[in-house]
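Just the heavy atoms: all of them, side chains too, but no hydrogens, waters or symmetry mates, feed the values below. Computed from a predicted structure; not experimentally measured. By convention in this document, chain letters (A, B, ...) are assigned in the order of the sequence lines, proteins followed by strands, and residues within each chain are numbered from 1.
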Protein chains: 2
Amino acid sequence: MDPVLVYSPYASDCPSRQLLDRIGDRWTVLIIGSLEEGPLRFSELRRRVEGISQKMLTQTLRSLETDGLVTRTVFAEIPPRVQYELSPLGRSLLEPLGALTRWATEHMDEVRAARGTLAS
Amino acid sequence: MDPVLVYSPYASDCPSRQLLDRIGDRWTVLIIGSLEEGPLRFSELRRRVEGISQKMLTQTLRSLETDGLVTRTVFAEIPPRVQYELSPLGRSLLEPLGALTRWATEHMDEVRAARGTLAS
DNA sequence: CAGCATCCTGGATGATACTG
DNA sequence: CAGTATCATCCAGGATGCTG
């Protein structure tokens with residue numbers, strides 16, 4: 001058996017810690033979520049994820065690709081069309097991430113209240 | 001009714017986007033998780049979350065406090081003792097965050113395989 | 001023990017210009 | 001359209017030293 005059976009993000013040298021970092025990444029959550037309902041092309045993603053720069057979109061997509069969460073398909077057309085789609089592994093991330101965004105939206109008011117930034 | 005009924009993290013100017021940023025934060029996940037089984041003092045937290053600097057621990061705890069996720073109790077003793085505990089709101093975050101860390105550990109091997117970093 | 005203040009650096013991110 | 005390349009910036013985060 002492999003000596004490393006258990007991953008613990010609390011250990012600084014555990015790979016799962018890096019993975020958690022990547023997931024927690026500002027853009028990853030939003031990109032994965034955008035792809036939930038089906039494949040999208042580059043420009044469509046850019047529009048969905050407001051405020052992301054072209055560079056960060058490319059970069060994050062590349063990471064997601066190497067991690068096996070997203071597949072990238074290039075169509076030999078003019079003008080070029082590139083399609084991004086969640087892999088099965090990527091799909092499996094939808095549930096935990098969805099739970100997170102749901103929490104964020106559902107409890108936003110409580111947090112704002114705690115901050116004192118909840119306008120009357 | 002409030003004009004802002006729905007929060008969407010996909011909108012760059014939505015407060016829930018910031019909240020998601022904070023939650024996804026590298027240390028927040030680990031700190032909240034550490035407090036799951038009960039209150040801890042500063043030094044205990046420092047030991048649990050491997051690799052965190054004193055500065056980041058303090059800073060993150062302060063943020064969690066202002067956001068109403070964690071309570072901070074100072075005991076008037078010598079030497080000083082400070083206790084951190086999850087608030088009910090913070091507790092409600094345990095489930096979604098737990099799902100996330102669980103995903104990270106459960107699918108680590110698949111990601112490593114995709115990366116090609118899975119040693120034979 | 002639990003912190004605050006200060007300095008400092010790398011890497012994350014953005015802006016801009018160019019291309020197959 | 002979907003990038004790449006380059007430069008510029010900013011700040012998260014570490015290191016260190018001091019304190020109630």
> Taking atom types as modelled and ignoring hydrogens, do the side chains of B/Ser63 and B/Gln59 form a donor-acceptor contact shorter than 3.5 angstrom?
Replying inline: no
> With no hydrogens and no angle check, do the side chains of B/Gln83 and B/Thr73 hold a donor and an acceptor under 3.5 Å apart?
Replying inline: no
> At their closest point, which heavy atom of B/Ser53 faces which heavy atom of B/Arg46, and how far apart are they?
Replying inline: C-NH1, 3.8 Å
>> Could you work out how much the helix from C/dC1-D/dG20 to C/dG20-D/dC1 bends, comparing the axis of its first five pairs with that of its last five, to 10°?
In response: 60°
> Got a sec? Which of residues 65-82 of chain B come in under 4.0 Å of DNA chain C, heavy atoms?
Replying inline: B/Arg72, B/Pro79, B/Pro80, B/Val82
>> Does A/Glu95, at its CD atom, have more than 12 non-hydrogen atoms belonging to other residues, nucleotides or ligands within less than 6.0 Å?
In response: no
> What distance do B/Arg115 atom CZ and B/Met108 atom CE have between them, rounded to the nearest 0.5 Å?
Replying inline: 5.0 Å
>> If the threshold is 4.0 Å, N to carboxylate O, is there a salt bridge linking A/Glu77 and A/Arg81?
In response: yes
>> Using 0.5 Å steps for rounding, measure from the CG atom of B/Leu69 to the CG atom of B/Leu93.
In response: 6.0 Å
> Considering only heavy atoms, which members of residues 40-48 of chain A lie under 4.0 Å from some atom of DNA chain C?
Replying inline: none
> Applying the side-chain hydrogen bond (donor to acceptor under 3.5 Å, both in side chains) test to A/Tyr7, which of B/Arg112, B/His107, B/Glu106 qualifies?
Replying inline: B/Arg112
> Shortest non-hydrogen contact from A/Thr105 to A/Arg102?
Replying inline: OG1-O, 3.0 Å
> Please, which pairs that meet ring-ring contact (aromatic ring centres under 6.0 Å, His included) have at least one residue in residues 25-82 of chain B, sequence neighbours excluded?
Replying inline: none
Taking only N/O atoms, report every protein-nucleotides 12-16 of chain C pair under 3.5 Å with atom names and distance.
from, atom 1, to, atom 2, distance (Å)
C/dT13, O4, A/Lys55, NZ, 3.1
C/dG14, OP2, A/Ser53, OG, 3.2
C/dG14, O6, A/Lys55, NZ, 2.5

> Distance from B/Leu100 atom CG to A/Leu19 atom CG, nearest 0.5 Å?
Replying inline: 8.5 Å
>> Just verifying a value: how many Å separate B/Gln54 CD and B/Leu57 CG, rounded to the nearest 0.5 Å?
In response: 7.5 Å
> Is B/Ile78 reachable from B/Val74 through a run of hydrophobic residues whose side-chain heavy atoms are each under 4.5 Å from the next?
Replying inline: no
>> Any heavy-atom pair between the side chains of B/Leu94 and B/Arg91 that's under 4.5 Å?
In response: yes
> Which pair of heavy atoms, one from B/Thr28 and one from B/Ile23, lies closest together, and at what distance?
Replying inline: CB-O, 3.8 Å
> Going 5' to 3' along DNA chain D, which nucleotides are the first and last within contact of chain B (any atom under 4.0 Å from a heavy atom)?
Replying inline: D/dG13 to D/dG20
